[in-house]
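One structure is given below, encoded as C-alpha coordinates.
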Amino acid sequence: MAARTGAEYKAGLKDDRVVYLGDGKVDVANDPRLAGSIDGMAGYFDWQHTYADECLIPDPERSGEKMNVSLMLPKNAEDLAIRHRGLERLSRYSNGMLGRTPDYVNVVLSGHTARADIWARGKPEGYERLKKFHREVIEGDLSMTHTIVHANIDKSVGDLAGMNTDLTLRVVGRNENGIIVRGGKVLATLGPLADELYVYSSAPIPSGGEDYALIFSIPVNTKGVIQICRDHYGTGASVQDAPFSSRFDEQDAFVIFDDVEVPYERVFCEGDLNVYNNLNQGVSPGNTLQQTAIRAMVKLEFAYDLCSSILKVSNSLARPDAAEMLGEIHAYLTLTRSAIVAAEARAHDWGAGAFFPHRDLSVLRCVMPGWMTRVNQIIRAIGSHNLLCTPSLALFENPEIGDVLRKYLPGAAGMSAEQRASIMRTAWDFAGSALGSRIELYEMFYLTSQGRARIGDHMVAQRDGEWGQVREFLAKSGAMPNVDWK
Ligand SMILES: Cc1cc2nc3c(=O)[nH]c(=O)nc-3n(C[C@H](O)[C@H](O)[C@H](O)COP(=O)(O)OP(=O)(O)OC[C@H]3O[C@@H](n4cnc5c(N)ncnc54)[C@H](O)[C@@H]3O)c2cc1C
(Lines give C-alpha, C1' and ligand atoms only; values in the text may rest on other atoms or scores of the structure.)
Protein backbone atom coordinates (compact mmCIF):
# COMPACT_ATOMS: atom_id res chain seq x y z
CA MET A 1 0.00 0.00 0.00
CA ALA A 2 1.24 3.51 -0.74
CA ALA A 3 0.60 6.59 1.39
CA ARG A 4 -2.99 6.14 2.59
CA THR A 5 -6.04 8.26 1.97
CA GLY A 6 -8.48 9.26 4.70
CA ALA A 7 -10.92 6.54 3.61
CA GLU A 8 -8.19 3.91 3.90
CA TYR A 9 -7.26 5.19 7.35
CA LYS A 10 -10.90 4.94 8.46
CA ALA A 11 -11.23 1.40 7.14
CA GLY A 12 -8.24 0.41 9.30
CA LEU A 13 -10.09 1.37 12.49
CA LYS A 14 -12.67 -1.38 12.05
CA ASP A 15 -11.35 -4.02 14.41
CA ASP A 16 -11.89 -5.35 17.92
CA ARG A 17 -9.68 -2.91 19.84
CA VAL A 18 -10.66 -2.62 23.50
CA VAL A 19 -11.39 1.01 24.34
CA TYR A 20 -13.47 2.33 27.24
CA LEU A 21 -15.06 5.77 27.06
CA GLY A 22 -17.62 7.17 29.45
CA ASP A 23 -19.50 4.34 31.12
CA GLY A 24 -18.60 1.51 28.77
CA LYS A 25 -16.69 -0.12 25.96
CA VAL A 26 -16.93 1.61 22.59
CA ASP A 27 -16.86 0.47 19.00
CA VAL A 28 -14.38 3.12 17.94
CA ALA A 29 -15.09 3.07 14.21
CA ASN A 30 -18.83 3.51 14.73
CA ASP A 31 -19.27 5.49 17.95
CA PRO A 32 -20.90 8.85 17.11
CA ARG A 33 -18.93 10.62 19.84
CA LEU A 34 -15.66 9.86 18.03
CA ALA A 35 -16.91 10.46 14.48
CA GLY A 36 -15.70 14.07 14.24
CA SER A 37 -12.22 13.19 15.48
CA ILE A 38 -11.96 10.24 13.11
CA ASP A 39 -12.98 12.50 10.22
CA GLY A 40 -10.39 15.01 11.43
CA MET A 41 -7.63 12.40 11.38
CA ALA A 42 -8.84 11.09 8.02
CA GLY A 43 -8.52 14.65 6.76
CA TYR A 44 -4.86 14.56 7.73
CA PHE A 45 -4.30 11.51 5.51
CA ASP A 46 -6.05 13.24 2.61
CA TRP A 47 -4.00 16.38 3.25
CA GLN A 48 -0.76 14.47 2.53
CA HIS A 49 -2.14 13.81 -0.97
CA THR A 50 -3.39 17.37 -1.46
CA TYR A 51 0.14 18.58 -0.73
CA ALA A 52 1.91 15.53 -2.10
CA ASP A 53 4.85 17.58 -3.42
CA GLU A 54 5.75 18.50 0.15
CA CYS A 55 4.37 15.66 2.28
CA LEU A 56 5.32 12.62 0.20
CA ILE A 57 8.71 11.44 -1.05
CA PRO A 58 9.76 8.51 -3.24
CA ASP A 59 10.12 5.25 -1.31
CA PRO A 60 13.81 4.32 -1.78
CA GLU A 61 13.00 0.60 -1.75
CA ARG A 62 9.90 0.48 -3.97
CA SER A 63 10.16 2.05 -7.36
CA GLY A 64 7.25 4.35 -8.17
CA GLU A 65 5.77 4.28 -4.67
CA LYS A 66 5.50 7.30 -2.38
CA MET A 67 5.85 7.40 1.40
CA ASN A 68 5.26 10.04 4.06
CA VAL A 69 8.24 12.38 4.36
CA SER A 70 8.40 11.82 8.13
CA LEU A 71 9.54 8.22 7.56
CA MET A 72 12.80 9.16 5.83
CA LEU A 73 16.18 8.42 7.43
CA PRO A 74 17.83 11.84 7.07
CA LYS A 75 21.41 11.56 5.84
CA ASN A 76 22.34 15.15 4.95
CA ALA A 77 21.24 18.79 5.10
CA GLU A 78 19.16 18.44 1.95
CA ASP A 79 17.18 15.59 3.50
CA LEU A 80 16.53 17.69 6.59
CA ALA A 81 15.33 20.61 4.49
CA ILE A 82 12.93 18.32 2.62
CA ARG A 83 11.69 16.88 5.91
CA HIS A 84 11.28 20.35 7.39
CA ARG A 85 9.15 21.48 4.47
CA GLY A 86 6.97 18.37 4.73
CA LEU A 87 6.54 18.53 8.51
CA GLU A 88 5.62 22.19 8.30
CA ARG A 89 2.97 21.47 5.69
CA LEU A 90 1.57 18.59 7.76
CA SER A 91 1.37 20.85 10.83
CA ARG A 92 -0.59 23.43 8.89
CA TYR A 93 -3.46 20.95 8.56
CA SER A 94 -4.52 21.73 12.15
CA ASN A 95 -2.26 24.76 12.69
CA GLY A 96 -0.45 22.77 15.34
CA MET A 97 -3.57 21.96 17.36
CA LEU A 98 -3.14 18.25 16.68
CA GLY A 99 -0.03 17.28 18.61
CA ARG A 100 0.06 13.60 17.74
CA THR A 101 -0.43 13.46 14.00
CA PRO A 102 1.31 10.27 12.86
CA ASP A 103 4.34 12.16 11.53
CA TYR A 104 5.42 12.72 15.16
CA VAL A 105 6.04 9.09 16.02
CA ASN A 106 7.15 8.38 12.43
CA VAL A 107 10.01 10.82 13.05
CA VAL A 108 10.78 9.09 16.36
CA LEU A 109 10.82 5.61 14.84
CA SER A 110 12.88 6.74 11.85
CA GLY A 111 15.34 8.40 14.23
CA HIS A 112 15.62 5.18 16.22
CA THR A 113 16.12 3.21 12.99
CA ALA A 114 18.84 5.62 11.85
CA ARG A 115 20.96 5.02 15.01
CA ALA A 116 22.31 1.57 14.11
CA ASP A 117 25.33 2.31 16.31
CA ILE A 118 23.22 2.41 19.49
CA TRP A 119 21.42 -0.81 18.57
CA ALA A 120 24.81 -2.46 17.99
CA ARG A 121 25.30 -2.32 21.77
CA GLY A 122 22.54 -4.90 22.21
CA LYS A 123 21.41 -8.16 20.67
CA PRO A 124 21.61 -7.99 16.84
CA GLU A 125 18.14 -9.43 16.23
CA GLY A 126 16.56 -6.41 17.96
CA TYR A 127 17.78 -4.01 15.30
CA GLU A 128 16.90 -6.36 12.45
CA ARG A 129 13.32 -6.53 13.77
CA LEU A 130 13.16 -2.75 14.16
CA LYS A 131 14.25 -2.19 10.56
CA LYS A 132 11.60 -4.66 9.39
CA PHE A 133 8.98 -2.83 11.44
CA HIS A 134 10.04 0.55 10.06
CA ARG A 135 9.46 -0.87 6.58
CA GLU A 136 6.08 -2.22 7.65
CA VAL A 137 5.08 1.28 8.80
CA ILE A 138 6.24 2.77 5.50
CA GLU A 139 4.41 0.25 3.35
CA GLY A 140 1.22 0.26 5.43
CA ASP A 141 1.41 4.02 6.14
CA LEU A 142 0.40 3.04 9.66
CA SER A 143 -0.83 5.54 12.20
CA MET A 144 1.39 5.20 15.26
CA THR A 145 1.39 6.70 18.68
CA HIS A 146 3.78 6.15 21.55
CA THR A 147 3.19 5.37 25.19
CA ILE A 148 6.43 5.69 27.10
CA VAL A 149 5.91 7.11 30.57
CA HIS A 150 5.81 4.68 33.49
CA ALA A 151 2.48 4.54 35.31
CA ASN A 152 4.02 5.42 38.66
CA ILE A 153 1.88 6.97 41.37
CA ASP A 154 4.07 7.26 44.46
CA LYS A 155 6.60 9.97 43.60
CA SER A 156 8.44 9.56 46.89
CA VAL A 157 10.07 6.39 45.55
CA GLY A 158 11.45 5.39 42.14
CA ASP A 159 9.54 4.00 39.17
CA LEU A 160 10.50 0.47 40.15
CA ALA A 161 9.96 0.71 43.92
CA GLY A 162 7.07 0.46 46.39
CA MET A 163 3.60 0.39 44.90
CA ASN A 164 5.02 1.50 41.54
CA THR A 165 6.68 -1.90 41.02
CA ASP A 166 3.38 -3.54 40.17
CA LEU A 167 2.12 -0.67 38.02
CA THR A 168 5.18 -0.36 35.77
CA LEU A 169 5.17 -2.29 32.50
CA ARG A 170 7.40 -5.38 32.71
CA VAL A 171 7.97 -8.90 31.41
CA VAL A 172 6.04 -11.52 33.38
CA GLY A 173 6.45 -14.55 31.16
CA ARG A 174 7.28 -15.91 27.72
CA ASN A 175 6.23 -18.68 25.35
CA GLU A 176 7.31 -19.89 21.92
CA ASN A 177 5.64 -16.87 20.23
CA GLY A 178 6.77 -13.99 22.34
CA ILE A 179 7.06 -12.29 25.71
CA ILE A 180 4.14 -11.59 28.03
CA VAL A 181 4.01 -8.05 29.43
CA ARG A 182 1.94 -6.59 32.24
CA GLY A 183 1.55 -3.03 33.59
CA GLY A 184 0.32 0.43 32.67
CA LYS A 185 1.56 3.43 30.68
CA VAL A 186 0.62 7.14 30.72
CA LEU A 187 -0.65 8.15 28.28
CA ALA A 188 -1.38 7.27 24.69
CA THR A 189 -2.54 10.38 22.89
CA LEU A 190 -4.41 9.21 19.78
CA GLY A 191 -4.19 5.64 21.13
CA PRO A 192 -7.84 4.75 20.46
CA LEU A 193 -7.59 6.19 16.94
CA ALA A 194 -4.17 4.76 16.03
CA ASP A 195 -3.04 1.52 14.42
CA GLU A 196 0.07 0.86 16.51
CA LEU A 197 1.35 1.55 20.02
CA TYR A 198 5.11 2.07 20.04
CA VAL A 199 6.58 1.54 23.51
CA TYR A 200 10.14 2.70 24.15
CA SER A 201 12.34 4.30 26.76
CA SER A 202 11.79 7.58 28.54
CA ALA A 203 13.61 7.73 31.89
CA PRO A 204 16.69 5.49 32.26
CA ILE A 205 16.34 2.20 34.16
CA PRO A 206 19.04 1.18 36.65
CA SER A 207 20.85 -2.16 36.60
CA GLY A 208 18.61 -4.85 38.08
CA GLY A 209 15.55 -3.46 36.29
CA GLU A 210 16.13 -5.42 33.05
CA ASP A 211 12.59 -6.83 33.03
CA TYR A 212 11.32 -3.28 32.64
CA ALA A 213 13.69 -2.30 29.83
CA LEU A 214 11.39 -2.92 26.88
CA ILE A 215 11.07 -1.48 23.39
CA PHE A 216 8.37 -2.94 21.17
CA SER A 217 5.40 -2.07 19.01
CA ILE A 218 2.04 -3.81 18.77
CA PRO A 219 -1.24 -3.18 16.98
CA VAL A 220 -3.72 -1.43 19.27
CA ASN A 221 -6.13 -4.35 18.87
CA THR A 222 -3.69 -6.85 20.37
CA LYS A 223 -5.41 -9.08 22.92
CA GLY A 224 -4.97 -7.73 26.44
CA VAL A 225 -4.40 -4.08 25.45
CA ILE A 226 -7.03 -2.00 27.23
CA GLN A 227 -7.38 1.75 26.68
CA ILE A 228 -9.19 3.89 29.22
CA CYS A 229 -10.14 7.22 27.65
CA ARG A 230 -10.56 10.53 29.35
CA ASP A 231 -13.88 12.21 28.48
CA HIS A 232 -14.08 13.03 24.82
CA TYR A 233 -14.00 16.76 24.12
CA GLY A 234 -15.10 16.59 20.50
CA THR A 235 -18.38 18.47 20.58
CA GLY A 236 -20.25 17.31 17.52
CA ALA A 237 -20.65 20.99 16.61
CA SER A 238 -20.20 22.25 13.07
CA VAL A 239 -16.73 23.20 11.83
CA GLN A 240 -17.98 26.81 11.62
CA ASP A 241 -18.93 26.85 15.29
CA ALA A 242 -16.01 24.83 16.67
CA PRO A 243 -13.17 24.65 14.15
CA PHE A 244 -11.00 22.56 16.49
CA SER A 245 -13.38 20.66 18.81
CA SER A 246 -15.41 19.48 15.84
CA ARG A 247 -12.43 17.61 14.36
CA PHE A 248 -9.25 17.66 16.40
CA ASP A 249 -9.77 15.87 19.70
CA GLU A 250 -6.94 13.37 19.48
CA GLN A 251 -8.35 11.36 22.41
CA ASP A 252 -5.85 10.46 25.14
CA ALA A 253 -6.08 7.14 26.93
CA PHE A 254 -4.38 5.39 29.82
CA VAL A 255 -3.05 2.07 28.55
CA ILE A 256 -3.23 -1.19 30.49
CA PHE A 257 -1.25 -4.17 29.25
CA ASP A 258 -3.18 -7.03 30.79
CA ASP A 259 -0.79 -9.92 30.12
CA VAL A 260 -0.22 -9.00 26.50
CA GLU A 261 1.75 -11.34 24.25
CA VAL A 262 4.24 -9.35 22.20
CA PRO A 263 5.49 -11.48 19.31
CA TYR A 264 9.27 -11.83 19.24
CA GLU A 265 9.47 -10.18 15.81
CA ARG A 266 8.07 -7.04 17.45
CA VAL A 267 10.40 -7.09 20.49
CA PHE A 268 13.22 -4.71 19.61
CA CYS A 269 14.85 -4.48 23.04
CA GLU A 270 14.39 -6.70 26.06
CA GLY A 271 16.70 -6.04 28.98
CA ASP A 272 19.57 -4.44 27.02
CA LEU A 273 20.08 -1.45 29.31
CA ASN A 274 22.82 -0.09 27.09
CA VAL A 275 20.34 0.26 24.25
CA TYR A 276 17.32 1.17 26.36
CA ASN A 277 19.03 3.91 28.35
CA ASN A 278 20.84 5.54 25.43
CA LEU A 279 18.36 5.34 22.59
CA ASN A 280 16.09 8.25 23.32
CA GLN A 281 18.86 10.63 24.32
CA GLY A 282 20.64 9.66 21.13
CA VAL A 283 17.67 10.64 19.01
CA SER A 284 15.13 12.87 20.71
CA PRO A 285 16.94 16.19 21.33
CA GLY A 286 17.84 16.82 17.67
CA ASN A 287 15.61 14.54 15.65
CA THR A 288 12.24 14.35 17.42
CA LEU A 289 12.44 17.99 18.42
CA GLN A 290 12.57 18.99 14.74
CA GLN A 291 9.00 17.75 14.37
CA THR A 292 7.72 19.14 17.67
CA ALA A 293 9.43 22.52 17.24
CA ILE A 294 8.06 22.96 13.72
CA ARG A 295 4.56 22.17 14.99
CA ALA A 296 5.02 24.69 17.80
CA MET A 297 6.23 27.32 15.33
CA VAL A 298 3.20 26.81 13.11
CA LYS A 299 0.92 27.06 16.13
CA LEU A 300 2.58 30.26 17.36
CA GLU A 301 2.22 31.79 13.89
CA PHE A 302 -1.47 30.95 14.01
CA ALA A 303 -1.82 32.26 17.56
CA TYR A 304 -0.21 35.56 16.63
CA ASP A 305 -2.60 36.02 13.72
CA LEU A 306 -5.54 34.90 15.85
CA CYS A 307 -4.69 37.54 18.46
CA SER A 308 -4.37 40.19 15.74
CA SER A 309 -7.81 39.18 14.48
CA ILE A 310 -9.28 39.35 18.01
CA LEU A 311 -8.01 42.91 18.37
CA LYS A 312 -9.40 43.93 14.99
CA VAL A 313 -12.87 43.03 16.29
CA SER A 314 -12.66 46.00 18.67
CA ASN A 315 -10.29 48.07 16.54
CA SER A 316 -7.64 47.78 19.26
CA LEU A 317 -4.61 46.51 17.36
CA ALA A 318 -2.60 49.56 18.32
CA ARG A 319 -3.73 49.78 21.97
CA PRO A 320 -0.40 49.81 23.86
CA ASP A 321 -1.18 47.06 26.38
CA ALA A 322 -2.56 44.78 23.68
CA ALA A 323 0.28 45.57 21.29
CA GLU A 324 2.76 44.61 23.98
CA MET A 325 1.07 41.23 24.41
CA LEU A 326 1.11 40.61 20.68
CA GLY A 327 4.77 41.57 20.61
CA GLU A 328 5.33 38.98 23.32
CA ILE A 329 3.77 36.20 21.23
CA HIS A 330 5.72 37.39 18.21
CA ALA A 331 8.93 37.11 20.25
CA TYR A 332 8.08 33.49 21.14
CA LEU A 333 7.43 32.78 17.48
CA THR A 334 10.65 34.39 16.32
CA LEU A 335 12.74 32.63 18.95
CA THR A 336 11.20 29.28 17.99
CA ARG A 337 11.81 29.86 14.28
CA SER A 338 15.36 30.98 15.00
CA ALA A 339 16.07 27.96 17.19
CA ILE A 340 14.95 25.64 14.38
CA VAL A 341 17.01 27.47 11.76
CA ALA A 342 20.09 27.45 14.02
CA ALA A 343 19.73 23.76 14.93
CA GLU A 344 19.25 22.77 11.30
CA ALA A 345 22.26 24.86 10.26
CA ARG A 346 24.35 23.06 12.91
CA ALA A 347 23.00 19.62 12.03
CA HIS A 348 25.55 16.82 12.03
CA ASP A 349 26.03 13.08 11.97
CA TRP A 350 24.92 11.80 15.35
CA GLY A 351 26.28 8.32 14.65
CA ALA A 352 25.83 5.71 11.91
CA GLY A 353 25.18 8.51 9.41
CA ALA A 354 22.03 9.72 11.21
CA PHE A 355 21.93 13.40 10.26
CA PHE A 356 19.90 15.28 12.88
CA PRO A 357 19.62 18.96 13.86
CA HIS A 358 21.77 20.14 16.76
CA ARG A 359 20.65 19.01 20.21
CA ASP A 360 20.35 22.61 21.42
CA LEU A 361 16.89 22.56 19.83
CA SER A 362 15.71 20.61 22.85
CA VAL A 363 16.05 23.73 24.99
CA LEU A 364 12.59 24.62 23.70
CA ARG A 365 11.22 21.99 26.13
CA CYS A 366 12.39 24.27 28.94
CA VAL A 367 10.39 27.30 27.78
CA MET A 368 7.67 26.27 25.33
CA PRO A 369 5.21 24.95 27.96
CA GLY A 370 5.26 28.37 29.64
CA TRP A 371 4.96 30.17 26.30
CA MET A 372 1.97 28.11 25.20
CA THR A 373 0.23 28.66 28.53
CA ARG A 374 0.92 32.38 28.28
CA VAL A 375 -0.51 32.52 24.74
CA ASN A 376 -3.81 31.14 26.02
CA GLN A 377 -3.76 33.62 28.90
CA ILE A 378 -3.27 36.46 26.40
CA ILE A 379 -6.14 35.24 24.22
CA ARG A 380 -8.43 35.28 27.25
CA ALA A 381 -7.15 38.70 28.34
CA ILE A 382 -7.61 40.43 24.99
CA GLY A 383 -10.75 38.51 24.07
CA SER A 384 -12.57 39.10 27.36
CA HIS A 385 -16.39 38.96 27.10
CA ASN A 386 -16.14 38.93 23.32
CA LEU A 387 -15.13 35.29 23.59
CA LEU A 388 -18.62 34.57 24.86
CA CYS A 389 -20.73 36.98 22.76
CA THR A 390 -20.69 34.38 20.06
CA PRO A 391 -23.96 33.19 18.59
CA SER A 392 -23.79 30.00 16.62
CA LEU A 393 -23.12 30.78 12.97
CA ALA A 394 -26.33 28.91 12.15
CA LEU A 395 -28.36 31.36 14.26
CA PHE A 396 -27.60 34.10 11.74
CA GLU A 397 -29.69 32.13 9.25
CA ASN A 398 -32.70 32.27 11.57
CA PRO A 399 -35.06 34.97 10.19
CA GLU A 400 -36.46 35.69 13.64
CA ILE A 401 -33.14 36.82 15.11
CA GLY A 402 -30.53 37.01 12.34
CA ASP A 403 -30.88 40.74 11.64
CA VAL A 404 -31.00 41.54 15.35
CA LEU A 405 -27.67 39.74 15.81
CA ARG A 406 -26.19 41.66 12.91
CA LYS A 407 -27.33 44.93 14.50
CA TYR A 408 -26.17 44.30 18.06
CA LEU A 409 -23.10 42.13 17.64
CA PRO A 410 -21.02 43.54 14.79
CA GLY A 411 -17.26 44.01 14.87
CA ALA A 412 -15.67 47.45 14.68
CA ALA A 413 -14.50 49.22 11.53
CA GLY A 414 -16.97 47.52 9.23
CA MET A 415 -16.47 43.94 10.42
CA SER A 416 -19.68 41.94 10.18
CA ALA A 417 -21.32 40.17 13.12
CA GLU A 418 -20.72 36.83 11.42
CA GLN A 419 -16.99 37.61 11.09
CA ARG A 420 -16.79 38.70 14.71
CA ALA A 421 -18.52 35.52 15.88
CA SER A 422 -16.28 33.37 13.71
CA ILE A 423 -13.06 34.91 15.05
CA MET A 424 -14.21 34.73 18.64
CA ARG A 425 -15.50 31.16 18.36
CA THR A 426 -12.13 30.15 16.93
CA ALA A 427 -10.34 31.92 19.77
CA TRP A 428 -12.52 30.29 22.42
CA ASP A 429 -12.06 26.87 20.87
CA PHE A 430 -8.30 27.50 20.83
CA ALA A 431 -7.87 28.67 24.42
CA GLY A 432 -11.06 28.31 26.43
CA SER A 433 -13.03 25.24 25.40
CA ALA A 434 -12.63 21.86 27.07
CA LEU A 435 -10.44 20.79 24.16
CA GLY A 436 -8.46 24.04 24.33
CA SER A 437 -7.77 23.40 27.99
CA ARG A 438 -6.70 19.81 27.30
CA ILE A 439 -4.37 21.01 24.54
CA GLU A 440 -2.80 23.46 26.98
CA LEU A 441 -2.17 20.54 29.36
CA TYR A 442 -0.67 18.60 26.47
CA GLU A 443 1.73 21.46 25.74
CA MET A 444 2.73 21.50 29.39
CA PHE A 445 3.56 17.80 29.62
CA TYR A 446 3.88 15.91 26.35
CA LEU A 447 7.67 16.25 26.31
CA THR A 448 7.85 15.71 30.10
CA SER A 449 7.32 18.60 32.48
CA GLN A 450 9.12 21.91 32.01
CA GLY A 451 10.61 21.43 35.49
CA ARG A 452 12.17 18.09 34.64
CA ALA A 453 13.44 19.41 31.31
CA ARG A 454 15.16 22.34 33.01
CA ILE A 455 16.73 20.14 35.67
CA GLY A 456 17.97 17.76 32.98
CA ASP A 457 19.51 20.51 30.87
CA HIS A 458 21.22 22.00 33.91
CA MET A 459 22.73 18.61 34.82
CA VAL A 460 24.00 18.14 31.24
CA ALA A 461 25.53 21.64 31.27
CA GLN A 462 27.35 20.82 34.49
CA ARG A 463 28.54 17.51 33.07
CA ASP A 464 29.74 19.17 29.86
CA GLY A 465 31.74 21.78 31.76
CA GLU A 466 29.66 24.80 30.90
CA TRP A 467 31.13 26.66 33.86
CA GLY A 468 34.40 28.24 35.04
CA GLN A 469 33.84 31.76 33.75
CA VAL A 470 33.58 33.27 37.24
CA ARG A 471 36.80 31.64 38.41
CA GLU A 472 38.58 32.75 35.25
CA PHE A 473 37.33 36.32 35.63
CA LEU A 474 38.32 36.51 39.28
CA ALA A 475 41.72 34.99 38.62
CA LYS A 476 42.57 37.07 35.56
CA SER A 477 41.35 40.32 37.05
CA GLY A 478 43.24 39.70 40.27
CA ALA A 479 40.03 40.13 42.24
CA MET A 480 40.56 36.90 44.17
CA PRO A 481 43.89 35.18 44.52
CA ASN A 482 42.56 31.74 45.50
CA VAL A 483 39.86 30.63 43.03
CA ASP A 484 40.33 26.93 43.47
CA TRP A 485 36.81 25.91 44.52
CA LYS A 486 34.92 22.90 43.18
C1 LIG B 1 -2.50 15.74 27.45
C2 LIG B 1 -1.35 14.83 27.68
C3 LIG B 1 -1.00 13.91 26.70
C4 LIG B 1 0.05 13.03 26.89
N5 LIG B 1 0.36 12.12 25.92
C6 LIG B 1 1.33 11.20 26.14
C7 LIG B 1 1.60 10.19 25.17
O8 LIG B 1 0.98 10.13 24.12
N9 LIG B 1 2.55 9.28 25.44
C10 LIG B 1 3.26 9.32 26.61
O11 LIG B 1 4.10 8.46 26.79
N12 LIG B 1 3.00 10.25 27.55
C13 LIG B 1 2.07 11.18 27.34
N14 LIG B 1 1.78 12.12 28.30
C15 LIG B 1 2.33 11.91 29.62
C16 LIG B 1 3.46 12.82 29.86
O17 LIG B 1 4.57 12.29 29.23
C18 LIG B 1 3.61 12.91 31.36
O19 LIG B 1 2.43 13.44 31.87
C20 LIG B 1 4.75 13.82 31.67
O21 LIG B 1 5.93 13.08 31.53
C22 LIG B 1 4.62 14.41 33.04
O23 LIG B 1 4.61 13.38 33.98
P24 LIG B 1 4.54 13.62 35.52
O25 LIG B 1 3.17 13.87 36.01
O26 LIG B 1 5.28 12.48 36.05
O27 LIG B 1 5.21 15.00 35.68
P28 LIG B 1 6.41 15.47 36.53
O29 LIG B 1 7.60 15.58 35.68
O30 LIG B 1 6.55 14.71 37.81
O31 LIG B 1 5.88 16.92 36.83
C32 LIG B 1 4.75 17.19 37.65
C33 LIG B 1 4.97 18.55 38.25
O34 LIG B 1 6.06 18.49 39.17
C35 LIG B 1 7.08 19.38 38.79
N36 LIG B 1 8.34 18.71 39.03
C37 LIG B 1 8.75 17.53 38.56
N38 LIG B 1 9.96 17.20 39.03
C39 LIG B 1 10.32 18.21 39.83
C40 LIG B 1 11.43 18.46 40.63
N41 LIG B 1 12.43 17.59 40.71
N42 LIG B 1 11.46 19.59 41.33
C43 LIG B 1 10.45 20.47 41.26
N44 LIG B 1 9.34 20.28 40.54
C45 LIG B 1 9.29 19.18 39.83
C46 LIG B 1 6.86 19.69 37.32
O47 LIG B 1 7.36 20.95 36.92
C48 LIG B 1 5.34 19.61 37.23
O49 LIG B 1 4.75 20.82 37.58
C50 LIG B 1 0.76 13.05 28.12
C51 LIG B 1 0.40 13.97 29.11
C52 LIG B 1 -0.62 14.85 28.90
C53 LIG B 1 -0.96 15.81 29.98
Side-chain angles (χ1 to χ4, degrees), residues 19 37 41 96-109 112 143-161 163-164 167-169 183-204 212 214-218 220 225 227-234 244-245 248-257 279-280 284 288-289 291-292 295-296 299 362 365-373 376 433-459:
V19 174
S37 296
M41 195 50 65
M97 292 293 271
L98 281 170
R100 193 57 52 75
T101 46
D103 49 298
Y104 181 145
V105 181
N106 286 349
V107 166
V108 173
L109 176 70
H112 289 175
S143 156
M144 276 194 297
T145 190
H146 65 194
T147 186
I148 59 177
V149 175
H150 295 315
N152 64 26
I153 285 292
D154 186 345
K155 297 262 184 171
S156 71
V157 292
D159 290 334
L160 313 184
M163 71 178 287
N164 299 332
L167 304 177
T168 304
L169 186 71
K185 283 277 181 187
V186 279
L187 293 169
T189 294
L190 193 72
L193 310 181
D195 301 314
E196 285 276 334
L197 290 177
Y198 185 35
V199 176
Y200 59 93
S201 35
S202 52
Y212 299 82
L214 292 168
I215 305 178
F216 63 84
S217 188
I218 46 170
V220 294
V225 172
Q227 300 198 62
I228 312 292
C229 297
R230 60 156 165 79
D231 290 354
H232 190 67
Y233 301 135
F244 305 117
S245 301
F248 297 149
D249 182 352
E250 50 191 351
Q251 192 59 61
D252 313 284
F254 180 80
V255 186
I256 298 166
F257 295 79
L279 185 64
N280 215 31
S284 177
T288 311
L289 266 285
Q291 194 277 348
T292 62
R295 180 193 64 82
K299 186 170 168 186
S362 77
R365 294 173 311 137
C366 300
V367 289
M368 192 63 74
W371 292 355
M372 288 295 185
T373 308
N376 282 2
S433 65
L435 182 66
S437 177
R438 174 267 164 201
I439 292 175
E440 184 176 318
L441 197 69
Y442 178 85
E443 300 289 2
M444 288 167 70
F445 285 111
Y446 81 101
L447 284 172
T448 192
S449 60
Q450 180 170 277
R452 265 185 221 276
R454 287 179 177 177
I455 291 167
D457 275 18
H458 162 63
M459 301 310 280

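Ligands are counted one by one from 1 in listed order, and the atoms in each one are counted from 1 as well. Just so it is clear, the model here is predicted, and its values are computed rather than measured. The figures here come from the full heavy-atom set of this structure, side chains too, leaving out hydrogens, waters and symmetry mates.
Contact residues of ligand 1 (protein heavy atom closer than 4.0 angstrom to a ligand atom; sorted by chain and number): R100, H146, T147, I148, V149, K155, V186, L187, A188, T189, D252, R438, L441, Y442, F445, T448, S449, G451, R452, I455.
Judged as a salt bridge (Lys or Arg N to Asp or Glu O under 4.0 Å), and not counting sequence neighbours, R454 has no contacts. When the side chain to side chain donor-acceptor pair (under 3.5 Å) test is applied to D231, no partner is found at least two apart in sequence or on another chain. Legend: residues meeting salt bridge (Lys or Arg N to Asp or Glu O under 4.0 Å) with K299, ordered by chain and number and at least two apart, are E443.
No donor-acceptor contact under 3.5 angstrom links the side chains of D154 and N164, judged on distance only.
Both the sub-6.0 Å distance and the 45° axial angle are not jointly satisfied by R230 relative to the ring of Y442.
For Y198 and H112, the ring centers are positioned less than 6.0 Å apart.
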